[in-house]
Amino acid sequence: MKKILPILTLIFLASCQIQNITDAEKENVILKLENMMKIDQEYAGIPSKELKEKYGNEKSWEIFQKKRDSVAIDNQIKAKEIFKKYGFVGTKNFSEDASSNFWIIIQHADNDVKLQEKILKFMNNEIKKNNAFKSQYAMLEDRVNVNKGNSQRFGSQVTYNKYGQAIPKNGLLDSLNIEKLRKEYELPSFKEYYNDMTEMHFDMNKESYISQGITQPKLYK
């Protein structure tokens, strides 16, 4: 009993800490996450046209990736501070936007899989309380598995074959029940999602694919 009490006390204190958050603190966290999200999204795509024109393709990617890594690490530090002080940023105890912004920062924390796993465990409980999105839990679970070299349950993490067609990174754990799983966790159908990703990838790399004789995206039928 002596070993259990301190743990229960910590859980109680953490719970009280979240419940006692002031409106001003909540608003501050929401705004902070909005700013973190904006910076994250600036480096979520590809180098700008201006950067490529100034430095060339190879050098522009090197500069872009270094900045993206720096932004990700800075956001992770801030996310850890928020989590330590206020607990999980959920849809109910904060807001849907704040919860999504927090999730994206964690989703992109690929250099800190332990942090991703820690938040994933919390999300598993939070979705049962409708304090987190099931789709985001599914995508984070896939991200963790891929980062650990494992197959995915939901197929949310993609790579591309030589034709530019989206395929599941590291494969699927259960391809037969993939549509059922995706529906259960409020994800779009496999075909719809993978065709969207294929078209997006083709548009971003259109010149390269056309030079290879691939004039349109290879979609799933």
Side-chain angles (χ1 to χ4, degrees), residues 37 40-41 43-46 61 65 68-69 72 75-76 79 88-91 96 99-206 208-209 212-221:
M37 172 66 170
D40 175 273
Q41 291 303 294
Y43 296 93
I46 61 175
W61 267 107
Q65 287 174 335
R68 181 167 60 191
D69 291 344
N75 276 345
Q76 287 165 41
F88 181 78
V89 180
T91 58
E96 289 189 358
S99 186
S100 292
N101 291 339
F102 178 78
W103 166 77
I104 287 175
I105 300 304
I106 302 303
Q107 184 80 348
H108 291 169
D110 295 321
N111 64 307
D112 193 344
V113 181
K114 287 185 178 179
L115 173 62
Q116 291 179 326
E117 287 182 305
K118 184 176 184 179
I119 300 301
L120 185 66
K121 288 179 181 177
F122 273 83
M123 284 191 80
N124 191 38
N125 291 322
E126 297 302 323
I127 58 174
K128 296 171 186 175
K129 298 183 286 185
N130 294 318
N131 194 38
F133 293 108
K134 294 174 75 174
S135 59
Q136 292 177 355
Y137 171 85
M139 287 186 274
L140 183 55
E141 182 192 296
D142 277 352
R143 192 86 166 204
V144 168
N145 278 326
V146 166
N147 283 336
K148 295 173 74 174
N150 300 325
S151 298
Q152 312 173 56
R153 262 210 307 165
F154 305 96
S156 64
Q157 306 301 298
V158 306
T159 187
Y160 301 89
N161 61 23
K162 63 181 180 180
Y163 305 108
Q165 185 180 44
I167 57 175
K169 195 170 185 179
N170 294 358
L172 299 172
L173 284 169
D174 184 0
S175 59
L176 293 177
N177 292 304
I178 188 67
E179 293 293 12
K180 181 181 176 182
L181 272 169
R182 289 182 67 84
K183 186 176 182 180
E184 182 184 345
Y185 280 80
E186 300 171 358
L187 292 165
S189 73
F190 182 91
K191 179 181 174 181
E192 179 186 352
Y193 177 68
Y194 273 69
N195 281 344
D196 284 347
M197 297 302 288
T198 297
E199 288 180 330
M200 189 185 306
H201 180 73
F202 180 83
D203 288 341
M204 290 173 67
N205 300 277
K206 197 169 186 176
S208 175
Y209 281 118
Q212 298 173 53
I214 302 171
T215 59
Q216 58 185 4
K218 185 176 177 61
L219 303 178
Y220 289 87
K221 297 179 179 179

If only atom types and distance count, is the side chain of [X] paired as donor or acceptor with the main-chain N or O of [Y] below 3.5 Å?
X	Y	answer
Glu184	Lys180	no
Ser151	Asn170	yes
Gln116	Gln107	yes
Gln152	Arg143	no
Glu179	Phe190	yes
Tyr137	Glu126	no

From CA spacing to verdict: side chain to side chain contact (heavy atoms under 4.5 Å, CB included), Thr91, Asn130: CA-CA 8 Å; Thr91 58; Asn130 294 318; 5.9 Å; no
Tell me the closest heavy-atom pair linking [X] and [Y], and the distance in Å.
X	Y	answer
Ile214	Lys162	CD1-O, 3.8 Å
Leu120	Glu141	CD1-N, 3.6 Å
Ala166	Met197	CB-CB, 4.0 Å

Ring geometry between Tyr209 and Phe202 (parallel below 30°, tilted from 30 to 60°, perpendicular above 60°): parallel
In the structure I gave you, are the side-chain heavy atoms of [X] and [Y] within less than 4.5 Å of one another anywhere?
X	Y	answer
Asn75	His108	no
Asp40	Ile105	yes
Tyr193	Val158	yes
Met139	Phe154	no
Asp174	Arg153	no

Straight-line distance of [X] [atom1] to [Y] [atom2], nearest 0.5 Å:
X	Y	atom1	atom2	result
Ser99	Ile104	OG	CD1	10.0 Å
Leu187	Gln136	CG	CD	10.0 Å
Asn145	Gln157	CG	CD	10.0 Å
Asn150	Asp142	CG	CG	11.0 Å
Phe133	Met123	CZ	CE	9.0 Å
Arg68	Trp61	CZ	CH2	5.5 Å

Working for side chain to side chain donor-acceptor pair (under 3.5 Å), residues Ser208 and Gln212: CA-CA 7 Å; Ser208 175; Gln212 298 173 53; 3.3 Å; yes
Does [X] [atom1] have over 12 foreign heavy atoms under 6.0 Å away?
X	atom1	result
Tyr160	OH	yes
Lys134	NZ	yes
Tyr220	OH	yes

Worked verdict on Trp103 versus Val89 for side chain to side chain contact (heavy atoms under 4.5 Å, CB included): CA-CA 8 Å; Trp103 166 77; Val89 180; over 6 Å; no
Worked verdict on Lys114 versus Glu117 for salt bridge (charged side-chain N to carboxylate O under 4.0 Å, His left out): CA-CA 5 Å; Lys114 287 185 178 179; Glu117 287 182 305; over 6 Å; no
With Asp112 via side chain to side chain donor-acceptor pair (under 3.5 Å) - residues at least two apart: Lys80
Side chain to side chain contact (heavy atoms under 4.5 Å, CB included) between Ile119 and Phe102, worked out: CA-CA 10 Å; Ile119 300 301; Phe102 178 78; 4.0 Å; yes
